[in-house]
Amino acid sequence: MSSRELDNANPTIFAPTTLHRRIDGSRNSKTKLWAESVSSDEEEDDYGLGGYGQGQDREEIDAEEVYDLLRSITDPEHPVSLEQLRVVNLEDINVAGNRVLVYLTPTIPHCSMSTLIGLSLRVRLLRALPPRYRVDIRIKSGTHQSEHAVNKQLNDKERVQAALENKHLLSVVEGCLATAGKRGSD
């Protein structure tokens, strides 16, 4: 932790959740995320998939699996997980086809760590998911005063790449991810 003043010196910390039961009991339950527009083959090719995996059997993921990947990431300011701070919630994760959308909820409306947290979420998912998945990380609507600017930074490939080339930022992200494997496998 640095000597700078914390954005949220006394955050509310919640007990970690227990593993969630799937509502319909199926492994592949999906949430409709992008209505009917996702079904277009042309749109899939826009993401550089080039028919990757079409016609092949492949394991799908669901929101619960994504949540398990993210829940134990450590907050950059406090030695607690993003799950305990309710920055990530199962209800705010959507998976539809090859798309994953994660909404993060900052602990305060002016949180300067939101971009760093979002970058940590993105890196975790990019490392853990097969390359066919397109990951979008967004601030939950109405929870941050600079929501639009943060969303733009988190989903711009060039900005993300530049951030990860910064050795200091990368070391902070790696610190957040050091605990990423501690939950979800119980």
Side-chain angles (χ1 to χ4, degrees), residues 1 4-20 22-23 29-38 43 47 61-126 128-129 133-160 162-164 169 172-173 176-177 179-180 183-184:
M1 201 172 304
R4 76 171 191 80
E5 190 175 317
L6 300 176
D7 280 351
N8 187 357
N10 192 21
T12 302
I13 299 173
F14 300 88
T17 59
T18 57
L19 289 178
H20 299 278
R22 297 177 201 285
I23 295 169
S29 91
K30 302 290 180 228
T31 305
K32 271 203 163 184
L33 177 58
W34 281 274
E36 302 305 316
S37 65
V38 175
E43 186 172 352
Y47 297 114
I61 63 165
D62 62 16
E64 191 172 315
E65 289 172 297
V66 173
Y67 180 64
D68 282 342
L69 291 170
L70 303 177
R71 66 198 293 180
S72 61
I73 294 173
T74 303
D75 181 78
E77 286 190 320
H78 303 285
V80 295
S81 72
L82 298 181
E83 174 188 31
Q84 290 173 291
L85 293 172
R86 297 292 191 261
V87 172
V88 292
N89 299 288
L90 179 59
E91 299 77 25
D92 295 330
I93 298 172
N94 298 285
V95 178
N98 69 324
R99 293 179 161 184
V100 176
L101 173 61
V102 177
Y103 287 102
L104 69 99
T105 306
T107 58
I108 52 175
H110 57 278
C111 181
S112 64
M113 295 289 137
S114 294
T115 305
L116 185 57
I117 292 168
L119 185 60
S120 297
L121 297 175
R122 176 173 291 288
V123 168
R124 174 67 173 144
L125 293 177
L126 290 175
L129 297 178
Y133 287 97
R134 179 171 186 246
V135 175
D136 289 314
I137 308 291
R138 298 183 190 161
I139 299 291
K140 191 170 183 175
S141 183
T143 62
H144 196 281
Q145 64 188 15
S146 302
E147 172 186 331
H148 179 71
V150 174
N151 287 342
K152 187 173 181 178
Q153 286 181 309
L154 291 176
N155 293 295
D156 182 308
K157 288 180 184 179
E158 288 80 20
R159 290 183 191 199
V160 169
L164 295 175
L169 271 179
V172 175
V173 167
C176 293
L177 296 179
T179 58
R183 285 294 306 248

Exercise for review: Give, for atom CE of M113 and atom OG of S120, the distance between the pair rounded to the nearest 0.5 Å.
Suggested key: 10.5 Å
Exercise for review: Can you see which heavy atom on Y133 is nearest to which on R99, and at what distance?
Suggested key: CD2-N, 4.3 Å
**Study point:** I108 side chain reached by C111 side chain, heavy atoms, under 4.5 Å
**Key:** yes
Check your understanding: What's the shortest heavy-atom distance between E147 and G142, and which atoms?
Key -> OE1-N, 2.8 Å
Practice item. Would you mind reporting whether T179 and S81 have side-chain heavy atoms less than 4.5 Å apart? Key: no
Practice item. Show the numbers, then the answer: is there a side-chain contact (heavy atoms from CB on, under 4.5 Å) between R138 and L101? Key: CA-CA 8 Å; R138 298 183 190 161; L101 173 61; 3.7 Å; yes
Exercise for review: Using distance alone, with no hydrogens and no angle criterion, decide if T143 and T105 have a side-chain donor and acceptor under 3.5 Å apart.
Suggested key: no
Practice item. Considering non-hydrogen atoms only, spot the tightest contact between A163 and L119 and give its length. Key: CB-CD2, 3.9 Å
**Study point:** Chi angles and distances behind the side-chain contact (heavy atoms from CB on, under 4.5 Å) call for D92, L104
**Key:** CA-CA 7 Å; D92 295 330; L104 69 99; over 6 Å; no
Review point. Checking side chain to side chain contact (heavy atoms under 4.5 Å, CB included) against V66, which of V95, V135, L121, V88 comes through?
Key: V95
Review point. Between E91 and Y103, is any side-chain donor less than 3.5 angstrom from a side-chain acceptor?
Key: no
Review point. How far apart are the C-alpha atoms of T115 and L154, what are their side-chain angles, what is the distance that settles it, and do they pass the side-chain contact (heavy atoms from CB on, under 4.5 Å) test?
Key: CA-CA 7 Å; T115 305; L154 291 176; 4.2 Å; yes
**Study point:** Atom of C176, atom of D75 and distance for their closest heavy-atom approach
**Key:** SG-C, 4.4 Å
Point to revise | 4.5 Å side-chain heavy-atom contact, L125 and I137 | key: yes
Check your understanding: Side chains of N155 and R122: donor-acceptor distance under 3.5 Å anywhere?
Key -> yes
Review point. T107 and side chain to side chain contact (heavy atoms under 4.5 Å, CB included): which partner among L82, I117, V87?
Key: V87
Practice item. Find the distance between NE2 (H144) and OG (S112) and round it off to the nearest 0.5 Å. Key: 7.5 Å
Practice item. Answer yes or no: is there a side-chain heavy-atom contact under 4.5 Å between R124 and L70? Key: yes
Check your understanding: Are the side chains of V100 and D136 in touch, meaning some heavy atoms are under 4.5 Å apart?
Key -> no
**Study point:** Beyond-backbone contact of L169 with L164, side-chain heavy atoms, under 4.5 angstrom
**Key:** no
Point to revise | Test item: L90 and E64 side chains (from C-beta on) under 4.5 Å apart, heavy atoms | key: yes
**Study point:** Close side-chain approach of L69 and L129, heavy atoms under 4.5 Å
**Key:** yes
Review point. Shortest non-hydrogen contact from R71 to E83?
Key: NH2-OE2, 3.0 Å
